[in-house]
Peer 1: 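Okay, handing you the structure first.
The residues of the chain are indexed from 1 along the displayed sequence.
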Amino acid sequence: MDMRTTGNRLSLLRLETRWSAAECAYRMTLQTNGVVTPETWLSWERSTDDSDTGKELLENLEDIAHLFGVDRLYFDCDVETQAKDKTVLRFPIK
């Protein structure tokens, strides 16, 4: 059974794309037309699912999934399923 939080999965996804928290916050700001700061992004990554910040993260998961090019269900899958079904879009490294 996978004990990772949604925030943990978000952090791993960000690291896999090699984006900084600032880059993610900027892209999320453009995606949602609302202000997302790097501090907010990092607080989402560090949140537990039952915290207020974790609930805020859950409310934004559709936009976050779209941002990374993954299905919303990516955040609900266990590690074994994610390893078998890599749905992350690969971006060229500059």
Side-chain angles (χ1 to χ4, degrees):
M1 182 175 172
D2 188 18
M3 299 300 285
R4 293 199 174 153
T5 65
T6 305
N8 293 143
R9 289 186 183 102
L10 177 61
S11 180
L12 292 171
L13 183 59
R14 177 179 65 81
L15 293 172
E16 189 171 323
T17 61
R18 297 182 180 178
W19 289 348
S20 67
E23 175 73 12
C24 291
Y26 173 73
R27 289 174 181 257
M28 188 66 174
T29 296
L30 295 176
Q31 173 75 21
T32 63
N33 200 27
V35 177
V36 176
T37 65
E39 293 77 18
T40 299
W41 188 274
L42 289 173
S43 70
W44 288 345
E45 288 185 7
R46 296 174 182 148
S47 68
T48 58
D49 290 338
D50 59 348
S51 67
D52 288 340
T53 306
K55 291 174 185 168
E56 182 182 328
L57 169 58
L58 293 176
E59 292 171 4
N60 286 283
L61 273 186
E62 284 293 328
D63 287 316
I64 291 170
H66 184 72
L67 185 76
F68 285 102
V70 298
D71 191 282
R72 161 65 180 84
L73 296 176
Y74 174 90
F75 295 99
D76 299 330
C77 296
D78 60 23
V79 174
E80 291 176 15
T81 303
Q82 288 181 21
K84 290 178 189 171
D85 180 31
K86 285 291 186 186
T87 56
V88 178
L89 294 178
R90 299 288 175 197
F91 296 96
I93 299 173
K94 294 180 183 179

Peer 1: Return the set of residues passing side chain to side chain contact (heavy atoms under 4.5 Å, CB included) with Asn8 (not counting sequence neighbours), or none when no residue passes.
Peer 2: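 Testing Asn8 for side chain to side chain contact (heavy atoms under 4.5 Å, CB included), a comparison that skips the adjacent residues, returns Arg4, Thr5.
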Peer 1: Considering all heavy atoms of both residues, which atom of Asn60 and which atom of Trp44 are nearest to each other, and what is their separation?
Peer 2: ND2-CZ2, 3.6 Å
Peer 1: How far apart are the closest heavy atoms of Met28 and Trp41, and which atoms are they?
Peer 2: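 Between these two residues, the closest heavy atoms are CB-CZ3, 4.1 Å.
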Peer 1: Linking directly or through intermediates, with side-chain heavy atoms under 4.5 Å: list the remaining ILVMFWY members grouped with Leu30, chain and number order.
Peer 2: Tyr26
Peer 1: The criterion is side chain to side chain contact (heavy atoms under 4.5 Å, CB included); which residues satisfy it with Ser51, sequence neighbours excluded?
Peer 2: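 Only Ser47, Thr48, Thr53 meet the side chain to side chain contact (heavy atoms under 4.5 Å, CB included) criterion with Ser51.
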Peer 1: Main chain of Thr6, side chain of Asp49: is a donor-acceptor contact present, judged purely on distance under 3.5 Å?
Peer 2: yes
Peer 1: Can you sort out the partners of Glu23 under salt bridge (charged side-chain N to carboxylate O under 4.0 Å, His left out), two or more places apart, ordered by chain and number?
Peer 2: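 Here the qualifying residues are Arg27.
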Peer 1: Between CZ of Phe75 and CG of Asp71, what distance do you get to the nearest 0.5 Å?
Peer 2: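 Atom-to-atom, Phe75:CZ and Asp71:CG are 10.0 Å apart.
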Peer 1: Over all heavy atoms of both residues, which pair between Ala21 and Arg14 is shortest? Give the atoms and the distance, please.
Peer 2: N-NH1, 3.6 Å
Peer 1: Treating Thr40 as the side-chain partner and Val36 as the backbone partner, does any N or O pair qualify as donor plus acceptor under 3.5 Å?
Peer 2: no
Peer 1: Under 3.5 Å, side chain of Thr29 to main-chain N/O of Ala25, donor-acceptor pair present?
Peer 2: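 Such a contact is found between Thr29 side chain and Ala25 backbone.
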Peer 1: How many angstroms lie between CD in Glu45 and CG in Leu57, if you round to the nearest 0.5 Å?
Peer 2: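 Reported to 0.5 Å precision, the distance equals 9.0 Å.
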Peer 1: Would you list the pairs meeting salt bridge (charged side-chain N to carboxylate O under 4.0 Å, His left out) in which at least one residue belongs to residues 51-62, sequence neighbours left out?
Peer 2: none
Peer 1: Could you work out, with salt bridge (charged side-chain N to carboxylate O under 4.0 Å, His left out) as the rule, every residue matching Arg46, not counting sequence neighbours?
Peer 2: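 None.
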Peer 1: Testing the basics here: between Leu61 and Arg72, what is the closest heavy-atom pair and its distance to 0.1 Å?
Peer 2: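 Looking at all heavy atoms of both residues, the closest pair is CD1-CZ, 3.4 Å.
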Peer 1: Same cluster for Leu58 and Leu42 if Ile/Leu/Val/Met/Phe/Trp/Tyr side chains link at under 4.5 Å?
Peer 2: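 Result: no, two separate clusters.
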Peer 1: Begin from the C-alpha positions of Tyr74 and Ile64 and carry the test side-chain contact (heavy atoms from CB on, under 4.5 Å) through to its verdict.
Peer 2: CA-CA 11 Å; Tyr74 174 90; Ile64 291 170; over 6 Å; no
